[in-house]
Amino acid sequence: MLNYIWLSLLAIGIFTAVGNDVSDEMRNPYRNGIIMDVRFDVRKAPAENRASWEGDFVLPVEEYNLFYGLKPSTGEIRQPASLSIGPLGQGSFLFPAGEMTPGRWKEMAKSASSRDKLSGRVLSIKFSNDKAFATASIL
């Protein structure tokens, strides 16, 4: 009798997990595959001992909320990030999920392959003349 109960609980768990995954695929709450435009404020440019750019992604919270379909609030999001850019202006980014990281990005970082760090691709980036900031399209 207990075997049937355990088997039923296992089946319910599997159906629930599959249902959640299908729901996430249909709604796409994390906006996978959709390009986001951000500003990147440079703190450290590449040097001999460092091949990446370090700085902050800056995004008005209104744009963040619109992108993810969240309730409106005000302010500005500043997320420390590290960029590795190739000669054609494409590359990757990595940022740790910290106290100031928005909730949706924290959720995404929890299930990322590198625990509590979120990574993605830089599709294009254009730096200002003085290399103090850039505009980037990220995925």
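Values in this document were obtained by computation on a predicted structure and should not be read as measured data.
Leu59 is connected to Phe95 through a chain of hydrophobic side-chain contacts under 4.5 Å among Ile, Leu, Val, Met, Phe, Trp and Tyr, so both are in one cluster. Linking ILVMFWY side-chain heavy atoms closer than 4.5 Å, directly or via other members, places Ile85 and Val42 in a single hydrophobic cluster.
Counting all heavy atoms, side chain and backbone alike, Gly55 lies closest to Arg43 at O-NH2, 2.9 Å. Across all their heavy atoms, Gly98 and Lys106 have their closest contact at O-CE, 2.9 Å. The two atoms that bring Asp56 and Pro80 nearest to each other are OD1-CA, 3.3 Å, heavy atoms only. Across Ala109 and Leu118, no two heavy atoms sit closer than the pair N-CD1, 4.0 Å. Nearest heavy atoms, Leu123 versus Gln90: O-CG, 3.0 Å. In plain terms, the two heavy atoms of Leu139 and Ile35 that are nearest each other are CD1-N, 4.0 Å.
Ring pair Trp105/Tyr64 is perpendicular by interplanar angle, where above 60° counts as perpendicular and below 30° as parallel.
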For this session: Give the C-alpha distance, both sets of side-chain angles, the deciding distance and a yes or no for side-chain contact (heavy atoms from CB on, under 4.5 Å) between Arg78 and Arg39.
Result: CA-CA 10 Å; Arg78 293 190 73 84; Arg39 188 177 85 217; 3.8 Å; yes
For this session: Start with the C-alpha distance between Met36 and Glu63, add both sets of side-chain angles, then the distance that settles side-chain contact (heavy atoms from CB on, under 4.5 Å), and finish with yes or no.
Result: CA-CA 9 Å; Met36 176 185 274; Glu63 286 183 31; over 6 Å; no
For this session: Begin from the C-alpha positions of Gln79 and Thr101 and carry the test side-chain contact (heavy atoms from CB on, under 4.5 Å) through to its verdict.
Result: CA-CA 6 Å; Gln79 176 63 50; Thr101 303; 2.9 Å; yes
Exercise. Run the side-chain contact (heavy atoms from CB on, under 4.5 Å) check on Val58 and Val38 step by step: do they pass?
Worked result: CA-CA 6 Å; Val58 181; Val38 297; over 6 Å; no
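Separating the CE atom in Met108 from the CG atom in Asn32 is a distance of 6.0 Å, to the nearest 0.5 Å. Remark: Ser119 OG to Phe93 CZ distance equals 7.0 Å, nearest 0.5 Å. Separating the CZ atom in Phe133 from the NZ atom in Lys126 is a distance of 10.0 Å, to the nearest 0.5 Å. Between the CD1 atom of Ile138 and the CD1 atom of Ile34 there is a distance of 12.5 Å, given to the nearest 0.5 Å.
The aromatic ring centres of Phe127 and Phe40 sit 6.0 Å or more apart.
For the pair Glu76/Val61, no side-chain contact is recorded, criterion being any heavy-atom separation below 4.5 Å from C-beta on.
Heavy-atom contacts from other residues, nucleotides or ligands closer than 6.0 Å to CZ of Arg121 number 12 or fewer.
Checked against side-chain hydrogen bond (donor to acceptor under 3.5 Å, both in side chains), Asp130 has the following partners two or more places apart in sequence or in another chain: Ser128. Partners of Asp37 by side-chain hydrogen bond (donor to acceptor under 3.5 Å, both in side chains), not counting sequence neighbours, listed by chain and number: Ser137. Listed by chain and residue number, Leu10, Val18 satisfy the side chain to side chain contact (heavy atoms under 4.5 Å, CB included) test with Ile14 (two or more places apart in sequence, or in another chain).
Counting only N and O atoms by type, the side chains of Ser52 and Ser84 include no donor and acceptor under 3.5 Å apart.
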